[in-house]
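A short write-up of the structure that comes next.
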Amino acid sequence: HQGPGQIDPGAGDRSFTFTNSGLPDSDAVAMTTDRQGQLWVMTKKREVKLLEPGGIWRTYTTVPDTVNNSIFGSHLAVDRQGGIWLVNNAGVAVLDIGGGWTPYPLGDPRLPLSITAILPGPGGRVWVASENQGLFVFDPGTGWTNYTSRNSGLSSDFVTSLAPGLAGRVWIGTSRGSLNRWDPDAASLAQLLPAISLATQVI
């Protein structure tokens, strides 16, 4: 409730300070940065704001009630084409550069979605991780694919984290203390490689 915070590498070891930057709604429910390093924030009032040079917050858009009408479990991401992605426990929506929202309901509506992470990648792909329904991947050419432990070898349907790798690879963390790696050069569902035990690999 004190607004966004900033780690300043030049201010000493593990410096973490909350900013007083004039953000009208100090409850920042989701944050991300774009490829230029600019900070984007969604507030409790559903306003998406951009922190411009000079510490000035500009309201980029207000998320309409018809799009993902929940702020709980919200995550923001900016893809390489400038689209702003909003995901939360109600689904996914993307704001294109023309100002139009496209909503995407995901998964089985009878099960909680519980989004944990979003990661835009090369080629327009966007990765969305869920606690209950595995991994969702958006491809501009084919739409959405849902990878689970039943159809792909994903080590768990409880996906906790996503991280980019080299050459378009994606690292996928799961609740079973293991990592999966997606390789764009692999074929079909074999793209999700067997789980790698952290205990053996790190040691």
Side-chain angles (χ1 to χ4, degrees), residues 25 27-32 40-48 60-121 123-164 170-182 188-193 195:
D25 186 339
D27 282 323
V29 298
M31 296 193 301
T32 192
W40 295 79
V41 168
M42 188 176 82
T43 73
K44 196 173 181 180
K45 295 178 181 177
R46 300 171 62 82
E47 294 176 329
V48 177
Y60 186 81
T61 188
T62 300
V63 182
D65 290 338
T66 54
V67 175
N68 291 5
N69 59 3
S70 170
I71 62 170
F72 297 104
S74 292
H75 299 265
L76 276 180
V78 181
D79 65 27
R80 299 188 179 194
Q81 292 72 43
I84 297 175
W85 291 76
L86 167 64
V87 299
N88 58 28
N89 294 342
V92 176
V94 60
L95 177 67
D96 60 37
I97 57 176
W101 285 98
T102 302
Y104 296 106
L106 291 183
D108 187 340
R110 298 169 297 180
L111 299 174
L113 197 55
S114 300
I115 298 297
T116 56
I118 180 171
L119 176 67
R125 288 191 183 92
V126 177
W127 303 76
V128 177
S130 166
E131 285 185 4
N132 300 291
Q133 301 192 50
L135 182 66
F136 298 90
V137 182
F138 176 78
D139 185 290
T142 58
W144 288 95
T145 301
N146 182 201
Y147 293 110
T148 69
S149 57
R150 295 174 299 281
N151 67 14
S152 67
L154 187 65
S155 56
S156 170
D157 289 341
F158 191 141
V159 182
T160 57
S161 55
L162 300 169
V170 175
W171 291 97
I172 304 154
T174 74
S175 65
R176 293 188 175 178
S178 59
L179 288 171
N180 294 98
R181 191 182 72 188
W182 183 86
S188 66
L189 295 180
Q191 291 168 325
L192 289 171
L193 302 180

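Computed from a predicted structure; not experimentally measured. We use all heavy atoms of the structure for the numbers below, so side chains are in, but hydrogens, waters and symmetry mates are not.
In this view, E47 and K49 satisfy the salt bridge (charged side-chain N to carboxylate O under 4.0 Å, His left out) rule, not counting sequence neighbours. In this structure, the salt bridge (charged side-chain N to carboxylate O under 4.0 Å, His left out) partners of D139, at least two apart in sequence or on a different chain, are R125. Under the side chain to side chain donor-acceptor pair (under 3.5 Å) criterion, D96 pairs with no residue at all, not counting sequence neighbours. For D79, there are no salt bridge (charged side-chain N to carboxylate O under 4.0 Å, His left out) partners at least two apart in sequence or on another chain. Applying the side chain to side chain donor-acceptor pair (under 3.5 Å) rule to S114 yields the partners N132; only residues at least two apart in sequence or on another chain are considered. The ring pair (Phe, Tyr, Trp, His ring centres under 6.0 Å) check on F158 picks up nothing, with sequence neighbours excluded.
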**Item:** S175/T160 under side chain to side chain donor-acceptor pair (under 3.5 Å): CA gap, chis, key distance, verdict
**Value:** CA-CA 6 Å; S175 65; T160 57; over 6 Å; no
**Request:** Let me see the working for W127 and F136 under ring pair (Phe, Tyr, Trp, His ring centres under 6.0 Å), right down to the final yes or no.
**Result:** CA-CA 6 Å; W127 303 76; F136 298 90; over 10 Å; no
**Request:** In sequence, state the C-alpha distance, the side-chain angles, and the governing distance for L86 and L95, and then conclude on side chain to side chain contact (heavy atoms under 4.5 Å, CB included).
**Result:** CA-CA 8 Å; L86 167 64; L95 177 67; over 6 Å; no
**Message:** Show, in sequence, the C-alpha distance, side-chain angles and deciding distance for V128 and L135, and conclude whether the side chain to side chain contact (heavy atoms under 4.5 Å, CB included) test is met.
**Reply:** CA-CA 6 Å; V128 177; L135 182 66; over 6 Å; no
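Two residues are said to be in side-chain contact when any heavy atoms from C-beta on lie closer than 4.5 Å; V170 and R181 fail this criterion. Taking the side chain as every heavy atom from C-beta outward, N88 and I115 never approach each other to under 4.5 Å.
The two residues M31 and V41 have their closest heavy-atom pair at CG-CG2, 3.6 Å. In this structure, L179 and G173 approach most closely via the heavy-atom pair CD2-CA, 4.0 Å. Contact detail for I118 and H75: the closest heavy-atom pair is CG2-CB, 3.9 Å. Of all heavy-atom pairs spanning L154 and Y147, the tightest one is CD2-O, 3.6 Å. Nearest heavy atoms, V78 versus P120: O-CG, 3.7 Å. Closest non-hydrogen pair, S161 versus A117, comes out as CA-CB, 4.4 Å.
The backbone N or O of L113 sits nowhere less than 3.5 Å from a side-chain atom of D108 that would complete a donor-acceptor pair. Judged purely by atom type and a 3.5 angstrom limit, D157 has no side-chain atom pairing as donor or acceptor with the backbone of T148. Counting only distance, with no hydrogens or angles, the side chain of E131 and the backbone of T116 share no donor-acceptor pair below 3.5 Å. R46 contributes no side-chain N or O that, together with a main-chain N or O of T62, makes up a donor-acceptor pair within less than 3.5 Å.
Atom-to-atom distance recorded for S155:OG and I172:CD1 is 8.5 Å, nearest 0.5 angstrom. Distance check, rounded to the nearest 0.5 Å: OG of S152 to CG of N180 gives 7.5 Å. Expressed to the nearest 0.5 Å, how far CE of M42 lies from CG of D27 amounts to 11.0 Å.
Checked against V87 for a side-chain contact (heavy atoms from CB on, under 4.5 Å), the options L76, L106, V92 give a single hit: V92.
Ring centers of W85 and F138: under 6.0 Å apart, within the cut-off.
Classification of the Y60-W40 ring pair by plane angle, with boundaries at 30° and 60°, yields perpendicular.
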